2 protein chains.
Amino acid sequence: MVAERGRRSGAGAAQKRSRPPAKSGAPDADNAPTAEMPAVVATTATTPDPEVRARSIPEAAVARLAVYLRVLSAMAEQGATTVSSEELSTAAGVNSAKLRKDLSYLGSYGTRGVGYEVEVLVGHIERTLGLTRQHKVAVAGIGNLGHALANYGGFPGRGFPVEALFDIDPDLVGVPVGGLPVSHLDDIPRVCTERQISIGVIATPPTAAQSVCDRLVAGGVQCILNFAPVVLQVPEHVEVRKVDLAVELQILSFHVARRADDAELAASAVNGKPGSAKARKGKAVAGNGAVIPS
Amino acid sequence: MVAERGRRSGAGAAQKRSRPPAKSGAPDADNAPTAEMPAVVATTATTPDPEVRARSIPEAAVARLAVYLRVLSAMAEQGATTVSSEELSTAAGVNSAKLRKDLSYLGSYGTRGVGYEVEVLVGHIERTLGLTRQHKVAVAGIGNLGHALANYGGFPGRGFPVEALFDIDPDLVGVPVGGLPVSHLDDIPRVCTERQISIGVIATPPTAAQSVCDRLVAGGVQCILNFAPVVLQVPEHVEVRKVDLAVELQILSFHVARRADDAELAASAVNGKPGSAKARKGKAVAGNGAVIPS
DNA sequence: ATATGTGAACGAGTTCACAGCG
DNA sequence: CGCTGTGAACTCGTTCACATAT
């Protein structure tokens, strides 16, 4: 079944809206975990529990936290010590309400009437994202893309050291790339286990992706970042994120096409239908770069 | 049926809420349709509108259409002529209800009791995604990643030919990469205009990204795929999609951390609170690999 | 009988607006 | 007052279940 019962969204208050026809055939499914209390902390028993933070943060908010973190780090480097939600949100390309809501998921660390302390916020976000531990990365498939990834040296910022490279090409095995020798795909399970790799990056051709994925899983990898254009099959305890260039381009293509259609329509928008005159509204916030997609 | 031209006009119920002026960047979606009545959509149901297909497809669905397209192409190559929603959805890693809903956005092209004709479906999806036209691509920043992108030759499948490369390094300008000579960043506007580039890919260091972006826009580019970890500022008619490696990894990191916390909790789950024993559930999505939305 | 197409319930995520602290 | 924190309204997206067509 498609279970799902995951995160209860932020704010408590299970406030349903007036629901017209109470027909409902068989809604059932997840039993709401008595979510009644006002979200914040208290959630778990008596402890303000400094450790419970992470729980129940909407997936989308997590992605934005990473962005806030980057912006905050940049601000810190420039000597800023405090920021208001307005400043930070603008720099991150979201609106201030969303930003405050996102930050509220990790507790109340701002000062009313003032703003947030940069250092403090950075610390809390890092902790929430689990950046206090190191996550060793392995890259499989040392082609053009894999090469690029391997050469990143330690991945974005630090905290994600690349500690293993794999490829199937015999001419490549043993050769150091970015200072690290390439191992054979067959050794993925062993090497990953030995080096305690927790994140595997798949940059192989699509045909090899699933098999590589299986081996990564066998090697104890917990998360996979997949650049190959295939839908991976993984056991449920493994988290997969996919970055698909073709999909990205096609989404952009869709928007170009839509826009072109609108232009056409605009031409014939002279007649009746007052409502249709305005045609569709523009998209939303410019730079808000919708998180990545899928 | 949902739509007509973008937002439908306010249906009955004069419910709206006070709407302040909308300060800075707020998108301000104006009139809210008050989700009060059963969306029976009598609202504007009067439009059979034959050609309007593409309009009003949820962003998320668009991304999946691209995936369906890939799967369908693969099936076609293997000689399949029809597919059921069940087969296709499994192959694409979604559930059949979602698949059918997605396909319904582009019209009814299935045969009840049978399924869909592969060829027909491919055609409709391609048309909807605007893949019938070619979208010329330019890549700016020929470092490791840019190099990899340039060497893709024609991007994913075809339909996205790379027709311009840019970099700021004098030693690189003029040198052919993947068969195409690199031009200087300063020439972006001119070259993009001349070659009718419609999609720009930014693979430069973060510091250069905004400036490159501005030049791409000046060159008439309509869409931008941004690999640089910065929030780009663009005029509203330009569509931006962002692919951020650091963010992806940090999201994965978050999940690792959450899982670890759960493990800890599980250990101390021996005591009271019968309900809390189960601690949180794993993620959802059964079979397929998570497919995280975004 | 079987599988599509879709209205409507459900739930996730976003925005609003204001209570309340500093 | 100013700005955070947040309940509640609203919108978007997903899932359900069944009428409908073949």
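Everything numeric here is computed off the predicted structure, so don't read it as measured data. Chain identifiers are assigned alphabetically (A, B, ...) following the order of the sequence lines, protein sequences preceding nucleic acid strands; residue numbering begins at 1 within each chain.
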Separation of atom [atom1] in [X] from atom [atom2] in [N], rounded to whole Å:
| X | N | atom1 | atom2 | value |
| --- | --- | --- | --- | --- |
| Leu106(B) | dT6(C) | CG | P | 11 Å |
| Leu99(B) | dT6(C) | CG | C1' | 14 Å |
| Leu88(A) | dG5(D) | CG | P | 12 Å |
| Tyr109(B) | dT22(D) | OH | C1' | 19 Å |
| Ile57(A) | dT6(D) | CD1 | P | 13 Å |
| Leu103(B) | dA3(C) | CG | P | 16 Å |
| Glu59(A) | dC12(D) | CD | C1' | 17 Å |
| Arg100(B) | dG13(D) | CZ | C1' | 16 Å |

Side-chain heavy atoms of Val62(A) within contact of Arg258(B), under 4.5 Å: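 No; the side chains remain at least 4.5 Å from each other.
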What I'd like to find out is whether the side chain of Asp102(A) reaches to under 4.5 Å of the side chain of Val94(A), using heavy atoms alone.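 Not touching, per the 4.5 Å side-chain cut-off.
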Below the 4.0 Å mark, does [N] have OP1 or OP2 next to a side-chain nitrogen or oxygen of [X]?
| X | N | value |
| --- | --- | --- |
| Asn95(A) | dT15(C) | yes |
| Arg64(B) | dT14(D) | yes |
| Ser85(A) | dT4(D) | yes |
| Tyr116(A) | dG5(D) | yes |
| Tyr105(A) | dT14(C) | no |

Among [options], find the nucleotide with the atom closest to the side chain of [X].
| X | options | result |
| --- | --- | --- |
| Ala97(B) | dC16(D), dG13(D), dG5(C) | dC16(D) |
| Pro58(B) | dG7(D), dG5(D), dG13(D) | dG13(D) |
| Lys101(A) | dT15(D), dT4(D), dA8(D) | dA8(D) |
| Ala60(A) | dT15(C), dT14(C), dG5(D) | dT14(C) |

Check for a donor-acceptor pair, side chain of Ser253(B) on one end and backbone N or O of Gly130(A) on the other, with a separation under 3.5 Å.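 Side chain of Ser253(B) to backbone of Gly130(A), a donor-acceptor pair under 3.5 Å: yes, one is there.
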Applying salt bridge (charged side-chain N to carboxylate O under 4.0 Å, His left out), which residue pairs with at least one partner in residues 67-96 of chain B are found, sequence neighbours left out?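 Passing the test, one end in residues 67-96 of chain B: Asp244(A)-Arg70(B).
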Quick check: are there more than 12 heavy atoms from other residues, nucleotides or ligands sitting under 6.0 Å from CD of Glu126(B)?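 Enclosed: over 12 neighbouring heavy atoms sit under 6.0 Å from CD of Glu126(B).
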Walk me through it: do Asn226(A) and Val243(A) pass the test side-chain contact (heavy atoms from CB on, under 4.5 Å)? CA-CA 6 Å; Asn226(A) 178 31; Val243(A) 174; over 6 Å; no
Distance check, rounded to the nearest 0.5 Å: Lys98(B) atom NZ versus Arg100(B) atom CZ?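 Between atom NZ of Lys98(B) and atom CZ of Arg100(B) there are 13.0 Å.
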Look for any protein N or O under 3.5 Å of an N or O in nucleotides 19-22 of chain C and output each such pair with its distance, or none.
residue, atom, partner, partner atom, Å
dG20(C), N3, Arg112(A), NH1, 3.4

